[in-house]
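Working notes for the structure below.
Side chains are part of it too, since the values below use all heavy atoms of this structure and drop only hydrogens, waters and symmetry mates. In what follows, chains carry the letters A, B, and so on, assigned in the order in which the sequence lines appear, proteins first and then strands, with residues in each chain numbered from 1.
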Number of protein chains: 2
Amino acid sequence: MATKTLTPAAERVLDVAGKLFYERGITAVGVEGIAAAAGVTKKTLYDRFGSKAQLVAEYLRRRDRRYREHVEQTLARGRKADRPLLMFDALQSWIERENPRGCAFVNANAELAEPDHPGRAAIAEQKQWQLERLRQLVDEAGVRRPAAVAETLFILLEGATVASTLGVAEKAVRTARRTAAAVLAQAKR
Amino acid sequence: MATKTLTPAAERVLDVAGKLFYERGITAVGVEGIAAAAGVTKKTLYDRFGSKAQLVAEYLRRRDRRYREHVEQTLARGRKADRPLLMFDALQSWIERENPRGCAFVNANAELAEPDHPGRAAIAEQKQWQLERLRQLVDEAGVRRPAAVAETLFILLEGATVASTLGVAEKAVRTARRTAAAVLAQAKR
DNA sequence: TCCAAGGTATACCGATCGGTTTACCTCGAT
DNA sequence: ATCGAGGTAAACCGATCGGTATACCTTGGA
């Protein structure tokens with residue numbers, strides 16, 4: 001795997017940025033604070049990343065990579081027919097471990113209003129991947145109208161993330177999973 | 001109805017704030033710009049609202065009021081058995097008219113990280129109202145396990161908003177509505 | 001041996017942030 | 001006639017924003 005090679009300083013910057021951007025919001029976090037928390041000079045940060053916008057894009061790409069790895073690890077433990085539902089298990093553990101403030105990409109979408117911000121591409125890529133992966137899984141599970149079913153599962157995953165992290169329905173992921181199971185059963189071919 | 005009485009200047013401020021906060025993000029918009037766009041002095045803005053944080057809270061409360069009115073108007077056109085699904089029609093028209101950048105409350109949740117920000121209460125109220133209203137509608141429609149069904153519909157609504165406004169599935173609301181119809185049919189008592 | 005890559009330290013830039021202050025004006029109700 | 005509420009205009013506050021510049025240090029290969 002072609003893991004991006006980063007200097008140790010850049011690695012630290014990206015670690016800190018990932019934490020602060022997610023926890024406090026992108027606009028609310030300054031590059032000065034990131035550099036200081038990473039034990040790095042502002043010059044180093046700008047030498048490695050060029051601008052705050054590019055650092056934001058890098059943060060999102062990295063988080064996307066981590067989420068995909070998490071998903072694939074979870075999927076590897078099940079057989080084809082079970083995998084669509086395993087996406088909900090992956091989401092639940094992800095929320096518990098890394099996502100208490102909601103989906104980082106939905107949150108970033110709220111903040112990055114300018115249509116040409118480099119982070120927007122990362123957001124679109126993440127969501128397209130998730131939908132596409134669901135299509136594959138649903139297709140492999142053997143189901144009628146796989147595209148429509150995949151879209152339904154996508155909606156359930158996103159909705160469960162919102163409901164769960166907004167504190168209005170703690171068990172939203174389990175509820176969504178049950179609904180997904182019913183949808184899949186009904187579409188079984 | 002006890003509509004908040006605002007001075008004409010405050011009204012203009014709130015109008016402009018509602019537009020700018022939603023379109024560009026809360027943190028990205030300064031009070032100076034709001035005052036200027038509303039044709040008002042900063043002093044007037046602070047005399048009426050006290051602080052940016054309180055203005056944000058007022059913006060969210062007002063948007064919540066507008067959404068509830070929109071929902072109730074839509075619901076009034078149908079009979080009890082159809083009303084749960086009418087929530088999806090209300091969402092679709094709301095997105096088209098006022099919500100192209102996603103749910104303002106989910107977006108605000110992304111930006112207002114501080115747990116004691118006055119806007120957070122408005123966010124929680126909006127989401128609790130939506131879930132509670134769904135419970136009433138589902139209950140009145142005559143369904144088994146109304147609380148669980150309402151939670152499922154809530155998840156579908158939130159997920160459809162995300163999927164639709166993130167541009168990954170334009171027809172997400174229709175898809176969610178179909179799923180909701182199936183869930184309701186299966187739970188019919 | 002030397003040189004480029006990667007780094008520190010620090011000062012600096014103009015712009016903007018949220019918020020306050022002072023002085024003055026207008027208008028409607030008592 | 002007056003007084004208070006609501007407003008304008010504009011200067012000011014310290015802090016922070018994203019980003020740049022200058023000078024110097026360390027280290028690992030060619």
Can you tell me the distance, in whole Å, between the [atom1] atom of [X] and the [atom2] atom of [N]?
X	N	atom1	atom2	answer
B:H117	C:dG18	NE2	P	11 Å
A:Y46	C:dT8	OH	C1'	17 Å
A:L45	D:dA21	CG	C1'	16 Å
B:L6	D:dG6	CG	P	11 Å
A:I26	D:dC17	CD1	C1'	16 Å
B:L20	C:dT16	CG	P	15 Å
A:L55	D:dG19	CG	P	10 Å
A:F49	D:dT20	CZ	P	16 Å

Original post:
D:dG6, C:dG6, C:dG18: which one has an atom nearest the side-chain heavy atoms of B:R48?
Top reply: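 The closest nucleotide is D:dG6.
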
Subject >> Out of D:dT8, C:dG7, D:dT20, whichever nucleotide has its closest atom nearest the side chain of B:V40 >> reply: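 Comparing D:dT8, C:dG7, D:dT20 against the side chain of B:V40, the answer is D:dT8.
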
Looking only at heavy atoms, which two atoms of [X] and [Y] are closest? And how far apart?
X	Y	answer
A:Q92	A:V173	OE1-CB, 3.1 Å
A:A160	A:A176	CB-CB, 3.7 Å
A:T161	A:I95	CA-CD1, 4.2 Å
A:T175	B:E151	OG1-OE2, 2.7 Å

**OP:** Report the end-to-end axis angle of the helix from C:dT1-D:dA30 to C:dT30-D:dA1; each axis comes from five terminal pairs, and the value is rounded to 10°.
**Re:** 0°

Categorize [X] for me: base, sugar-phosphate, or nothing, with a 4.0 angstrom heavy-atom threshold over every strand shown.
X	answer
A:T44	base
B:G39	sugar-phosphate
A:T7	sugar-phosphate
B:G33	nothing

Original post:
Distance under 6.0 Å and angle within 45° of the ring axis: does A:R63 meet both against A:Y22?
Top reply: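 Satisfied, under 6.0 Å and within 45°.
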
**OP:** Would you please name every residue forming a side chain to side chain contact (heavy atoms under 4.5 Å, CB included) with A:R135, sequence neighbours left out?
**Re:** A:L131, A:E132, A:A147, A:A150

Original post:
Looking at OG1 of A:T27 and CD of B:E111, how far apart are the two atoms once the value is rounded to the nearest 0.5 Å?
Top reply: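 Separation between the atoms: 5.5 Å.
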
Original post:
What's the spacing between B:R12 CZ and B:T7 OG1 if we round to 0.5 Å?
Top reply: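 Going from the CZ atom of B:R12 to the OG1 atom of B:T7 covers 8.5 Å.
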
**OP:** Determine, for nucleotides 23-30 of chain C in 5'-to-3' order, which nucleotides have protein heavy atoms under 4.0 Å from the base (write B), from only the sugar-phosphate (write S), or from neither (write -).
**Re:** --------

Original post:
Is a side-chain donor-acceptor pair under 3.5 Å present for B:N109 with A:R101?
Top reply: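 B:N109 and A:R101 do not have a side-chain donor-acceptor pair below 3.5 Å.
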
Original post:
So, B:R133 and B:Q130: side-chain donor and acceptor under 3.5 Å apart, yes or no?
Top reply: no

Original post:
Taking the nucleotide of DNA chain D with the closest heavy atom to each, which residue, A:E32 or A:T41, is nearer the 5' end?
Top reply: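 The residue closer to the strand's 5' end, by nearest nucleotide, is A:E32.
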
